[in-house]
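Hydrogens, waters and symmetry mates are skipped; everything else that's a heavy atom, side chains included, is used.
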Amino acid sequence: MTVPSILMENSKSNINHIQAPTYGNLITILSIDGGGIRGIIPATILSFLESELQKLDGEDARIADYFDVIAGTSTGGLVTAMLAAPDEFNRPLFAAKDIKSFYLEHSPRIFPQYGGVWAPVRRVIRALFGPKYSGEYLHSLIKEKLGSIRLHETLTNVIIPTFDIKQMHPTIFSSYEVKRKKSLDAKLSDICIATTAAPTYLPAHYFETKDSGGNVREFDLIDGGVAANNPALIAIGDVTKELYKGNPDYFPYKPMDYRKFLLISLGTGSAKVEGRYTATYASKWGVLGWLLNGGSTPLVDVFMQSSADMVDIHISVVFQALRSESNYLRIQDDTLIGTVSSVDSSTKENLEDLVEVGERLLKKPVSRVNLEKGVFEPVGNGEGTNEDALRRLAVILSNERRLREQRSPHLKLPTKR
């Protein structure tokens, strides 16, 4: 979390934890969408951003050292935990480049592929009688990597949405809220298993927590993407609540002053291709048609993509109205077609293709959503490529971190001789 912190004596890093925003000029937010195996795309982009930060501040620099909040849904929630969970030296458990390697290594076992002439039949049968995947390998892997680490222990503030199907209400695991509601202090492994439990793909997740008084809270959770596949607005909302509640970490910022926000929002790609679905075609679908069509799950696609787009449209309007467009960078590819648009195709070829999608996206011009058409269009005002924008923002993030360290009375910086 964003708390004053002195570098631990046994740490291998020369980088301090991020100091509170009150000592700087900006509130920095990173948001990562859901999208299953397509999490490789934001992982590729984050690897580039972290490499730029390392050019400025040394090889020990990590993403969590620069953001006040990291929010992630579903696969983005898993990436968030990997970026912010502490290792034995109280440094981030994963470097950004390691997350891409994690997906490439483990995805084939998380999403095992069926082959042969009977594969389509097996998929239909599994869809009718249970989730497409058991989740056993994913769950054991998450528990192995995250161990007993709990929400309150993350190195910066995190926000991970889930949805409680018993209460029929979103459950947001937030570093801010856990200070007030100890029942939310779950293991990161349980939170990640829950937020990745995409309907029809992976099973729902049940677990319990106990507060200091021994009171038990039950959670019956599925993928947070059904409520907020793009968690950027939830992150802004949580920060805004801290502002009007008078959190000293955010003095003297004012609620709703988006001009003081720096927000990087990473999508996982989408298949917003005209003619992919039509009303004439969809009018004939029954339950199976909406759940299994052309190898995809149209119902889940529609819910998750629509919620992500609504968030982007709202944020874009607000930042444009405040003349602070340069403080909001949304990187998304909405032209995916074929297998790369799948959330669970884990063939070697598709995994390599997804890495290429992320690398090509870095080379594409900065784009913003057309508020009338709902599609991404190049800005065309000299902002350059997404790589250029990330380099520019890396400098801002580095300068912001240094400014906070200079101003913070809690951090003793080495004096020059």
Side-chain angles (χ1 to χ4, degrees), residues 1-5 17-24 27-32 64 67-73 76-77 80-81 83-86 90 146 148-195 205-222 224 227-228 231-258 260-261 263 311 408 410:
M1 22 231 64
T2 309
V3 294
S5 167
H17 295 170
I18 187 170
Q19 301 299 295
T22 190
Y23 306 119
I27 298 170
T28 56
I29 301 173
L30 171 64
S31 175
I32 310 163
F67 288 95
D68 298 306
V69 189
I70 304 178
T73 298
T80 294
L83 291 171
N90 212 29
L146 297 177
S148 60
I149 301 169
R150 291 190 175 270
L151 178 60
H152 80 274
E153 297 177 277
T154 55
L155 298 172
T156 189
N157 296 297
V158 300
I159 297 171
I160 303 176
T162 64
F163 190 87
D164 194 309
I165 55 173
K166 185 176 181 179
Q167 303 293 330
M168 292 304 290
H169 191 273
T171 297
I172 312 298
F173 289 92
S174 164
S175 297
Y176 299 112
E177 288 299 318
V178 77
K179 298 170 186 175
R180 294 181 280 269
K181 300 177 183 177
K182 299 302 181 183
S183 62
L184 288 174
D185 195 21
K187 291 181 180 179
L188 280 181
S189 58
D190 279 321
I191 296 171
C192 287
I193 291 170
T195 197
H205 186 52
Y206 173 86
F207 63 93
E208 300 174 352
T209 61
K210 288 184 180 180
D211 63 18
S212 56
N215 299 305
V216 175
R217 178 170 176 178
E218 299 180 333
F219 297 91
D220 297 83
L221 304 178
I222 61 172
L233 200 56
I234 293 178
I236 291 175
D238 263 24
V239 170
T240 300
K241 282 192 290 185
E242 295 304 302
L243 295 180
Y244 72 69
K245 286 180 179 179
N247 184 333
D249 280 353
Y250 292 92
F251 177 84
Y253 298 97
K254 297 179 180 179
M256 301 306 292
D257 188 358
Y258 283 26
K260 294 295 185 180
F261 287 14
L263 170 60
V311 169
S408 173
H410 305 282

Hey, what do you get for [atom1] ([X]) to [atom2] ([Y]), rounding to the nearest 0.5 Å?
X: K181; Y: I172; atom1: NZ; atom2: CD1; answer: 10.5 Å
X: L188; Y: E153; atom1: CG; atom2: CD; answer: 8.0 Å
X: I160; Y: T171; atom1: CD1; atom2: OG1; answer: 13.0 Å
X: F261; Y: I29; atom1: CZ; atom2: CD1; answer: 5.0 Å
X: K254; Y: K260; atom1: NZ; atom2: NZ; answer: 10.0 Å
X: D211; Y: K182; atom1: CG; atom2: NZ; answer: 10.0 Å

For the residue pair [X] and [Y], what are the closest heavy atoms and their distance?
X: A228; Y: T73; answer: O-OG1, 2.7 Å
X: E218; Y: K166; answer: OE1-NZ, 3.4 Å
X: A84; Y: V158; answer: CB-CG1, 3.5 Å
X: L151; Y: S174; answer: CD2-O, 3.7 Å
X: V311; Y: A232; answer: CG1-CB, 4.2 Å
X: P21; Y: Y253; answer: O-OH, 2.8 Å

So, do [X] and [Y] sit near enough that their side-chain heavy atoms are less than 4.5 Å apart?
X: I159; Y: P231; answer: no
X: I149; Y: P86; answer: yes
X: D185; Y: T209; answer: no
X: Y258; Y: L263; answer: no
X: T154; Y: I70; answer: no
X: D238; Y: V69; answer: no
X: V239; Y: D68; answer: no
X: T80; Y: L83; answer: no

In terms of relative ring orientation, are F173 and F219 parallel, tilted or perpendicular, with 30° and 60° separating the classes?
tilted

Among L221, D190, T162, whose side-chain contact (heavy atoms from CB on, under 4.5 Å) with T195 holds?
T162

May I ask you to decide if I165's main-chain N or O and Q167's side chain share a donor-acceptor pair within less than 3.5 Å?
no

Could you tell me whether K245 atom NZ has more than 12 heavy atoms of other residues or ligands within 6.0 Å of it?
yes

F251 CZ: over 12 foreign heavy atoms closer than 6.0 Å
no

